[in-house]
K.L.:
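I have a structure here, written as structure tokens, and I will follow up with some questions on it.
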Amino acid sequence: MLRFLFTRSLLVIPTFVGITLLAFLLVHSVPGDPIELLAGEHGISVERHTQLLHEYGLDRPLSIQYLRYVGHVLRGDLGRSLITHAPVVQEFSQLFPATIELTLAAALFATLVGLPAGMIAAVRRNSVFDHGVMGAALAGYSMPIFWWGLLLIILFSNTLGWTPVSGRISVDYDIAPRTGFLIVDSLLSGEDGALASTLSHLILPAVVLGTIPLAVIARMTRSAMLEVLGEDYIRTARAKGLGPLRVIGLHALRNALIPVVTVIGLQVGVLFTGAILTETIFSWPGVGKWLVDSINRRDYPVLQGGVLLIGTVVMAVNLAVDLLYGVINPRIRYRRS
Amino acid sequence: MEAAVESRVEETPETPLREFWRYFSANPGALIGLGVVVFVVLLAIFAGAIAPHGPAENHDDAFLLPPVWAEGGGWNYPLGTDAIGRDMLSRLIYGTRFSLLIGCIVVAISMTIGVAVGLAAGFFRGTFDILVMRLVDIVLTMPSLLLAIVLVAILGPGLVNAMIAVSITYLPYFVRVTRAAVIGEMAKDYVTASRVNGASILRLMAITVLPNCMAPVIVQATLSFSSAIIDAAALGFLGLGAQPPTPEWGTMLADSREFVLRAWWVVTLPGLAILVTVLAINLMGDGLRDALDPRLKR
């Protein structure tokens with residue numbers, strides 16, 4: 001078991017090197033001179049140019065520059081935005097809670113709907129409900145979510161007028177950011193209607209972002225459940241006279257959950273990718289929109305830092321899921337140790 | 001008893017292709033998917049003959065006209081027009097060319113390289129295998145669209161670069177699938193027999209082992225085909241893929257986003273085209289998987 005934890009954790013090092021290398025090469029392959037980019041339109045004298053090149057270490061070999069970059073990264077220095085001049089880490093940490101709030105809400109929606117739907121579909125195999133759920137799941141899996149978001153805006157915001165089109169909260173409220181999570185902050189503020197406004201802004205983006213994970217979870221739960229329901233111990237439990245609720249809810253679900261938990265964990269990468277699109281559609285002020293804006297503004301330090309930070313977060317979550325999987329699944333625990 | 005044995009002997013064995021078709025055609029979803037895909041391919045080939053207008057032709061007298069069934073629409077532009085008076089139907093028909101092209105090129109690039117690398121890794125094992133698999137693990141850690149965005153940021157926006165970027169993000173899946181299948185086959189007796197017979201390494205790799213590893217690769221290719229269409233459309237939507245006025249569906253969506261509240265058709269129709277195409281390919285892919293996967297055969 002310890003050996004499994006150790007070898008899996010070691011994999012983080014080459015992965016991290018890969019991510020830093022990608023982020024480093026990203027900026028170095030951009031056409032144009034970084035010094036001239038910094039100097040702007042005024043231009044710069046040749047002596048000053050050479051001096052700055054030396055100051056920034058840009059006259060050193062690429063390998064040395066990379067090591068310097070990694071050194072900066074490990075000290076938490078990811079440079080400053082070319083537009084706002086604020087440190088990239090600071091901008092990221094201000095926007096990240098919004099993305100976490102959105103992805104958590106989406107994951108919650110996907111799990112709360114997908115898990116029961118998949119279970120019922122498995123238990124009522126080949127029923128109308130089963131075919132309906134699997135058809136919807138395939139459609140959800142094939143959904144271009146940037147279009148799905150626009151469609152829901154047309155229906156719920158424009159035609160029905162139920163939900164707002166964009167943002168995290170109505171402009172009528174001025175909530176002091178304490179945790180960065182608006183649900184918590186609006187609760188703490190005690191203002192009437194602030195929480196309702198936050199939730200009404202959150203629901204559409206969360207549904208859009210949760211659609212693909214929902215489809216994946218429903219399909220996975222159904223197939224895992226079907227496999228488990230065919231096992232001998234389920235027949236034994238039934239033969240003992242246990243009620244269907246107890247057999248399915250307790251005996252079957254516990255074993256069916258193992259692959260489902262992994263799938264839910266692996267959806268984190270999907271969620272972050274989807275967040276880039278979802279945040280762009282709903283003008284959600286999170287790191288995904290920030291990243292897309294940085295491309296359009298050619299704000300390379302932000303793009304570089306953002307890619308590095310998001311990559312690191314996904315890497316950390318994948319590691320946590322893998323380790324958790326080893327802990328909850330005795331088959332892996334014993335085989336690998 | 002004797003009669004039964006005789007009749008079994010007389011029956012000619014089913015060819016693999018016929019067996020495949022028997023399983024595939026038993027799945028109604030797969031057949032519907034196949035039908036839609038054939039339809040889309042025909043649209044792409046004969047776009048010039050079918051489309052009522054040119055894809056870039058703008059008509060000054062027809063801005064944001066609604067489709068024929070809505071009030072104010074007409075048969076001249078059956079699915080309405082966009083903000084600068086281009087016929088939606090024609091643009092959607094020409095758009096099939098781009099989506100199919102994207103799918104074909106992305107799958108061709110990532111499958112060719114991925115299968116070659118996966119075959120070599122599974123065949124030679126050792127240091128090369130370890131290196132390749134670590135690299136695959138690293139690339140798979142990055143969310144694919146994020147990686148594609150980074151690559152396009154490096155290469156510069158545009159349809160070709162978007163296709164290259166998406167191909168690179170799909171590579172690791174092909175490497176993984178091929179390697180796993182190769183390792184499974186290498187242990188079998190027929191490979192040993194061929195080796196004992198003196199088959200060269202290239203012959204062993206390409207003629208003996210590879211054809212038996214193709215089933216999972218084909219399934220992966222179908223999945224990648226549909227994902228490539230969505231991912232390239234997503235890049236187009238973010239302004240990083242095909243550039244206007246290319247009638248690529250994702251780019252069309254991005255172009256018409258500002259009219260979402262005024263003219264529903266300019267946003268709804270391109271997305272519907274993406275959804276229907278991708279759904280059809282996925283349905284077909286499910287059928288392919290069921291027909292090719294021996295574990296599911298009874």
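The sequence lines fix the lettering, A, B, ..., with proteins before strands; numbering per chain opens at 1.
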K.L.:
At a 4.5 Å cut-off on heavy atoms, which part of A:L303 comes close to chain B: side chain, backbone, both, or neither?
P.N.:
side chain

K.L.:
What part of A:I145 is in contact with chain B, defined as an atom under 4.5 angstrom from a non-hydrogen atom: side chain, backbone, both or neither?
P.N.:
neither

K.L.:
side-chain contact (heavy atoms from CB on, under 4.5 Å) for A:L150 and B:F237? Distances and angles first, verdict last.
P.N.:
CA-CA 12 Å; A:L150 293 174; B:F237 180 75; 4.1 Å; yes

K.L.:
When you look at OH of A:Y69, are more than 12 heavy atoms from neighbouring residues, nucleotides or ligands closer to it than 6.0 Å?
P.N.:
yes

K.L.:
Can you tell me which portion of B:D286 sits under 4.5 Å from chain A's heavy atoms? Options are side chain, backbone, both or neither.
P.N.:
side chain

K.L.:
Compare every heavy atom of B:G271 with every heavy atom of A:P144, then report the nearest pair and how far apart it is.
P.N.:
CG-O, 4.1 Å

K.L.:
Counting only heavy atoms closer than 4.5 Å, note whether B:L135 contacts chain A via side chain, backbone, both or neither.
P.N.:
neither

K.L.:
So which part of B:T268 gets closer than 4.5 Å to some heavy atom of chain A, the side chain, the backbone, both or neither?
P.N.:
both

K.L.:
Work out which heavy atom in B:L253 is nearest to a heavy atom in A:F146; give both atom names and the distance.
P.N.:
CD1-CE1, 3.4 Å

K.L.:
Can you confirm whether A:F272 sits close enough to B:L146 that some side-chain heavy atom of one is under 4.5 Å from a side-chain heavy atom of the other?
P.N.:
no

K.L.:
Would you say CH2 of B:W264 has more than 12 non-hydrogen atoms from neighbouring residues, nucleotides or ligands within 6.0 angstrom?
P.N.:
yes

K.L.:
Flag yes if more than 12 heavy atoms outside B:Q243 fall under 6.0 Å of its CD atom; otherwise flag no.
P.N.:
yes

K.L.:
So, taking the atom named CG in A:L22 and the one named CG in B:L151, what distance separates them when rounded to the nearest 0.5 Å?
P.N.:
6.5 Å

K.L.:
Is it the case that more than 12 heavy atoms not belonging to A:F129 sit under 6.0 Å from its CZ atom?
P.N.:
yes

K.L.:
Give a yes or no on this: more than 12 heavy atoms of other residues, nucleotides or ligands lie within 6.0 Å of atom CZ of B:R257.
P.N.:
yes

K.L.:
If contact means a heavy atom pair closer than 4.5 Å, which residues of residues 272-281 of chain B contact chain A?
P.N.:
B:L272, B:I274, B:L275, B:V278, B:L279

K.L.:
Counting heavy-atom pairs closer than 4.5 Å to chain B, which one of A:I153, A:L277, A:L151 comes out on top?
P.N.:
A:L277

K.L.:
Under a 4.5 Å heavy-atom cutoff, which of A:I310, A:I276, A:I19 has the most pairs with chain B?
P.N.:
A:I276

K.L.:
Give me the atom names and distance for the closest heavy-atom approach of A:W147 to B:V267.
P.N.:
NE1-O, 3.1 Å

K.L.:
Please determine whether side-chain contact (heavy atoms from CB on, under 4.5 Å) holds for the pair B:L238 and A:N296, giving the CA-CA distance in whole Å, both sets of side-chain angles, and the decisive distance to 0.1 Å.
P.N.:
CA-CA 9 Å; B:L238 292 173; A:N296 294 332; over 6 Å; no

K.L.:
For the CD1 atom of A:I212 and the CD1 atom of B:I230, what is their distance to the nearest 0.5 Å?
P.N.:
6.0 Å

